[in-house]
Amino acid sequence: MIAPHLPILQVVIPLLAAPICVLLHSGRLAWLLTVAVSWVSFAVSVLLLGQVMDGGPLSYELGGWAPPWGIEYRIDALNALVLFIVSGISAIVLPFARASVEREIESERVYLFYTAYLLCLTGLLGITATGDAFNVFVFLEISSLSSYALISLGRDRRALMAAYQYLILGTIGATFILIGIGLAYMVTGTLNMADLAERLPAVSGNRTVQVSLAFLTVGICLKLALFPLHLWLPNAYAYAPSVVSAFLAATATKVSAYLLLRFLFTIFGVEFSFEAMQLGVILSTLAVLAMFVGSLVAIFQEDVKRMLAYSSIAQIGYIVLGISLVSVDGLTAGIVHLFNHAIIKGGMFLALGCIFFRIGSVQLHDMRGLGRRMPYTMAAFVVGGLGLIGVPLTAGFISKWYLVVAALEAGVWPLAVLVLASSLLAVIYVWRVVEVAYFQPVPDDKAAAKDKATLGEAPLSMLLPAWVLIGASIYFGLDTSFSVGVARAAASSLLGLDLAEIGS
Amino acid sequence: MEIPGLFNYWIVVVLMMIGFYTVISRGNLVKKIIGLNIFQVSVFVLYISMGAVAGGTAPILAPGIEHYANPLPHVLILTAIVVGVATTALGLALVVRIHEAYGTIEEDEIQAEDERT
Amino acid sequence: MSSSAVILFCLATPLIGALLIALSNRRPNQREAITLATAAILFVGVASLIPEVRAGARPELLLGEILPGLSLYFRVEPLGMLFAGVASFLWIVNSVYSIGYMRANLEGHQTRFYVCFAVALASTVGVAFAGNMLTLFIFYEVLTLSTYPLVTHSGKPEAIRAGRTYLGILLSTSIGLLLLAILWTWWAAGTLAFSEGGILAGRVSDGAMAVLLALYMFGIGKAALMPMHRWLPAAMVAPTPVSALLHAVAVVKAGVFTVTKVIVYIFGIDSLSRVADAGWLIYVAGATIVIASLIALRQDNLKRRLAYSTVSQLSYVILAAAILTPLSVAGAALHIAAHAFGKITLFFAAGSIYTAAHKTEVSQLAGIGRRMPWTMTAFTIGTISMIGLPPTAGFVSKWYMLRGAIEADQLFAIAIILISTLLNAAYFLPIVYTAFLNKPAPVDKDDHEHGHEHGEAPLPILLALGVTAAGTVLLFFFADLPLDLALQLAGRSQ
């Protein structure tokens with residue numbers, strides 16, 4: 001009975017829970033509600049993914065209004081996977097949140113924190129689930145506004161400026177998207193994605209359509225933090241509360257990457273986006289620059305959270321590079337990396353959250369000797385780092401593998417070389433942390449003597465979620481049938497191919 | 001190109017550039033938000049004017065009205081205005097908090113403050 | 001037990017051992033007993049596969065698919081059998097040695113040491129038994145990572161610096177070059193399985209084959225082909241048991257083993273010999289042999305001299321494999337075993353001298369043979385094997401290499417082998433000479449650290465030393481088993 005309504009439940013449950021959170025007015029209860037909601041969301045996304053993989057795309061008519069007049073929610077392999085990532089990360093991050101949020105956010109604001117969190121979750125899930133272009137903008141703003149608020153809750157006052165800057169750039173990005181959608185509507189008279197996809201090819205020579213694509217691409221790339229539109233990201237991730245960094249790093253840019261895929265491939269179509277407009281060259285150039293600039297800047301960061309943020313910029317480069325190759329293998333690489341990077345980066349930010357919980361800092365020089373004081377946390381961080389490098393047996397290796405194969409297949413072997421060369425930069429920034437944490441003596445001055453509680457591991461409720469994600473990054477490095485399988489299905493449907501035709 | 005016939009688009013472009021320029025060039029955080037508002041308004045105008053139908057009136061269901069403007073952009077922009085107001089409110093709230101924390105709302109002074117610590 | 005279960009058993013034993021060692025953190029006796037037991041069990045497991053492989057069977061194990069068409073797959077063939085056999089046998093000896101060495105030198109973090117050692121051995125077995133290039137690559141990388149904590153064991157600044165060099169060179173070659181080569185192979189051939197006759201033949205052009213060969217050869221950094229050799233001398237900051245088993249046997253042999261595997265099973269001897277541009281490998285390997293020997297001549301630090309000797313000896317294997325005749329390939333395989341026994345003996349001796357006398361430089365060794373006769377006798381046997389004289393294992397492998405080179409009319413290779421024999425003698429024999437014939441330097445009474453009267457090293461060290469020295473000689477007289485496996489690899493029965 002519930003099964004046909006799953007697409008809407010995915011979005012509505014967290015949306016309704018948000019005001020309830022305000023009414024509860026208690027941090028603990030709000031947390032309990034949020035945990036329950038995100039676990040239910042996760043269950044819904046699992047069911048959805050199952051339905052889509054078995055029976056093909058689902059279409060849900062909101063309020064019974066038939067598309068294209070009513071809003072349609074349309075779930076295919078690609079957005080089912082992204083829903084799975086977003087709600088899954090949320091379900092894992094939340095148990096972590098209780099202790100971490102208590103430590104980092106004033107107690108009278110905790111329930112508001114969870115309200116904003118739920119709204120952000122709603123927005124991200126909504127962007128992904130909807131099949132209506134204008135609806136995308138609305139959910140985009142819901143998630144953005146709540147994430148500005150979430151970021152501004154960070155302890156450091158620089159969090160405020162970070163949130164403000166993100167607000168300015170994010171709003172410009174969202175407005176660009178709004179312009180793009182408006183121009184597309186102007187030409188076609190529809191906002192339904194499937195409808196747009198049908199009508200756009202007929203008018204592809206129209207200047208308005210070209211401008212529309214340009215605005216949309218720039219707007220989405222701003223939200224995606226693709227180099228050189230990444231300026232908001234490092235500060236936002238660095239100064240946000242630990243939970244928020246972990247959640248946003250793992251989900252927000254992934255959802256933007258999904259939007260890019262949806263608009264370029266489904267709505268405007270491969271022929272227009274990549275042949276008429278030549279976006280592939282632009283995107284791959286920027287992606288390669290992102291890979292190198294992101295990693296190079298990461299090497300020089302003293303704040304480890306900032307370091308991970310710059311590393312994210314590089315990793316987004318890999319995702320976009322895969323997309324820009326416009327082949328089944330390339331898209332598979334991009335989508336698999338979207339999934340793998342969410343897991344790896346989420347896990348690493350959670351590990352950093354544990355560290356912040358204990359020593360109250362994520363500066364590199366404060367992490368001296370941490371390998372002995374928090375062995376399990378640091379081990380999680382190092383294994384995650386190996387995933388970023390792309391060492392075999394981790395999920396990162398699988399992404400790199402597909403990316404390089406796709407580059408070779410496209411006949412651009414220099415890209416293959418660049419991908420591998422840039423992975424080596426990751427070795428450097430990961431190893432800086434390793435050397436400090438394992439080889440430098442524990443600072444014996446204030447921190448150690450002052451407070452016994454700063455010694456030892458974070459509570460299990462924090463350590464366990466970090467390890468769940470890190471464990472998943474190893475699991476998906478060994479058994480790729482799920483991640484690669486879904487990614488391949490999504491890739492072939494984006495290219496309009498039948499999965500059976502192209503083989504495994 | 002027939003400039004007078006497309007004057008609404010020219011207004012959109014001019015407004016957009018004014019807003020954009022304000023956001024980029026001003027160091028005062030409130031002025032930036034004002035710029036952002038102008039920028040958003042330009043898009044509202046774009047939508048509304050695109051829904052206009054020559055000779056049409058407001059889309060109200062009443063006897064005698066047969067020729068009316070496309071109502072959908074109006075509805076959309078109603079939503080966008082709400083979003084815009086929310087963004088402005090949040091932005092201003094942040095500015096208040098920044099003022100509390102730094103004692104200034106000039107971007108360069110804030111930067112100097114951050115570098116000192 | 002079926003033979004695939006035995007393979008799984010061999011892979012799992014060291015890992016379970018590592019876990020148990022980690023759990024007995026505070027109980028040194030229990031920890032070391034577990035290490036020894038694990039090593040012994042592993043050897044029994046590996047040895048039990050030998051009769052089958054010798055009879056021509058190729059036991060397999062499939063551990064699930066990682067990527068579509070690419071599995072974690074193991075297949076034991078003669079060369080892997082030889083490598084795994086040597087490594088697992090020497091692990092037992094090395095464990096005995098480690099116990100003596102680590103305790104006598106009061107090293108810290110011993111649990112971490114033994115855990116990493118066991119993981120390194122597990123990955124060595126994984127490399128040896130790998131049935132396709134992906135599986136091999138996975139264990140190759142795990143081996144690099146698991147030995148990093150061993151290299152930086154002391155935690156001193158020079159150890160961290162050495163660790164950077166170690167990891168930097170090994171990871172950048174393996175990710176930057178080797179992985180690229182593997183991916184190219186996969187893309188071009190559609191398979192990565194090791195198969196007789198190679199998988200690249202007819203699938204890529206000759207030019208591409210030459211480029212691929214370069215990517216593979218320089219990408220396998222563990223084989224220490226110049227200029228990718230610098231990690232090996234750097235790794236000498238590790239405790240001696242690490243240098244002995246890992247940086248004279250497991251890690252470096254994993255390198256040349258991979259080289260041989262790639263040449264035999266990826267390129268195929270016959271198809272590679274048809275590619276005109278592939279001849280450069282002989283020259284690079286030859287140059288490495290001579291240059292590394294010349295550098296070794298100038299090293300005063302004993303372990304560094306041994307390290308450069310290893311660089312040069314590793315290139316023998318590459319040279320022999322690059323000659324591309326069955327006999328020389330058999331020589332390459334034999335040399336993996338022969339050099340392992342000889343070099344581990346030399347390292348054991350160096351560690352023994354360090355433990356008993358705290359001496360690390362060649363120039364300090366005058367007259368030490370009178371105080372440590374057992375150690376220096378074993379050292380002499382190792383030396384003879386390095387030079388390649390009978391009655392030691394080194395002679396047998398060099399003999400096959402030379403025969404292969406003569407068969408292929410490779411004058412350059414013959415010349416290199418002869419010149420380097422002289423060079424080997426030049427940098428090893430003076431050590432033996434001064435140790436036995438020179439008078440010890442007058443003892444400085446104030447220098448208690450270096451000048452004290454010392455005798456032999458502790459018993460476990462001597463025991464280990466004796467076993468490997470004896471092994472070096474025995475391999476000369478009873479060379480049937482390794483020879484048989486090596487010739488099977490080359491596709492010739494005896």
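Convention: sequence-line order gives letters A, B, ...; per-chain numbering from 1. None of these values were measured; they are calculated from a predicted model.
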B:E113 CD to A:R158 CZ distance, which is reported to the nearest 0.5 Å: 11.5 Å
Closest non-hydrogen atom pair, B:A80 against A:L178: CB-CD2, 4.1 Å
Separation of B:R97 CZ from A:L153 CG (nearest 0.5 Å): 7.0 Å
Test log, rule side-chain contact (heavy atoms from CB on, under 4.5 Å), inputs B:M16 and A:I179: CA-CA 11 Å; B:M16 189 182 279; A:I179 298 171; 3.3 Å; yes
Full working for side-chain contact (heavy atoms from CB on, under 4.5 Å) between B:E107 and A:M161: CA-CA 9 Å; B:E107 206 174 18; A:M161 267 316 272; 4.0 Å; yes
Top contributor to chain A contacts, counting heavy-atom pairs under 4.5 Å, from B:V95, B:D114, B:L46, B:V12: B:D114
Residue part contacting chain B, namely of A:L169, when any heavy atom lies under 4.5 Å: neither
Considering all heavy atoms, the nearest A:Y185-B:N70 contact: OH-ND2, 2.8 Å
Separation between CD of A:E141 and OG1 of B:T79, rounded to the nearest 0.5 Å: 11.5 Å
Worked verdict on A:F137 versus B:L76 for side-chain contact (heavy atoms from CB on, under 4.5 Å): CA-CA 10 Å; A:F137 167 76; B:L76 299 181; over 6 Å; no
Choice from B:L72, B:I98, B:V43 maximising heavy atom contacts with chain A below 4.5 Å: B:I98
A:T171 and its side chain to side chain contact (heavy atoms under 4.5 Å, CB included) partner, picked from B:N37, B:L90, B:T87: B:T87
Side-chain donor or acceptor of A:Y148 paired with backbone N/O of B:G91 under 3.5 Å: no
Heavy-atom closest pair, residues B:V23 and A:I172: CG1-CD1, 4.1 Å
Aromatic plane relationship, A:F176 with B:F39 - under 30° parallel, 30 to 60° tilted, over 60° perpendicular: tilted
Part of A:Y164 within contact of chain B (heavy atom distance under 4.5 Å): both
Under 4.5 Å from any heavy atom of chain A - which part of B:F20: side chain
